[in-house]
Amino acid sequence: MCKDGSYQSEMIEEIKAKRELMINSANKLGFTSEQTIKYSQELDELINHYQRVVGQSSKAKEEVKFAFKHMIMVWPKVLV
């Protein structure tokens, strides 16, 4: 789990760095410059990837919680 957290932290840092590149490019070359648009598209890809990773991680945690709750509900019936 710690590994996932560090991977997510690395992804956030990569997103921040790409965002800075995009902002600097927009300030120097304009919002519609080829370079700024390229950075914007790369940033979109990074954010989408991050959301997929976080969503999968979140979904897996919810599945474990559901299974655990179901197990707790069944145990008393088995023990009686």
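The figures that follow rest on heavy atoms only: side chains count, while hydrogens, waters and symmetry mates do not. Quantities reported herein were computed from a predicted structural model and do not represent experimental measurements.
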Closest contact, heavy atoms only, T32 versus I37
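Reported closest heavy-atom pair: O-CD1, 3.4 Å.
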Quick one: side-chain contact (heavy atoms from CB on, under 4.5 Å) partners of [X], sequence neighbours excluded?
X	result
N27	I23
F31	A26
V54	Q8, Y50

Separation of Q51 CD from N48 CG (nearest 0.5 Å):
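Going from the CG atom of N48 to the CD atom of Q51 covers 6.0 Å.
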Rounded to the nearest 0.5 Å, how far does CZ of R19 lie from CG of L21?
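Reported value, rounded in 0.5 Å steps: 11.5 Å.
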If hydrophobic clusters are built from ILVMFWY residues whose side chains come within less than 4.5 Å, do M22 and L29 share one?
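Different hydrophobic clusters.
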List for me each residue that meets side-chain hydrogen bond (donor to acceptor under 3.5 Å, both in side chains) alongside T36, sequence neighbours excluded, and say none if there are none.
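Here the qualifying residues are S25, S33.
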Which residues pass the side-chain hydrogen bond (donor to acceptor under 3.5 Å, both in side chains) test with Q35, not counting sequence neighbours?
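With sequence neighbours excluded, Q35 shows a side-chain hydrogen bond (donor to acceptor under 3.5 Å, both in side chains) to Y39, given in chain and number order.
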Could you list all the salt bridge (Lys or Arg N to Asp or Glu O under 4.0 Å) pairs where at least one residue sits in residues 33-48, not counting sequence neighbours?
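Pairs touching residues 33-48 that pass the test: K18-E42, K38-E42.
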Which pairs pass salt bridge (Lys or Arg N to Asp or Glu O under 4.0 Å) with one or both residues in residues 22-31, sequence neighbours excluded?
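Output for this query is empty, none listed.
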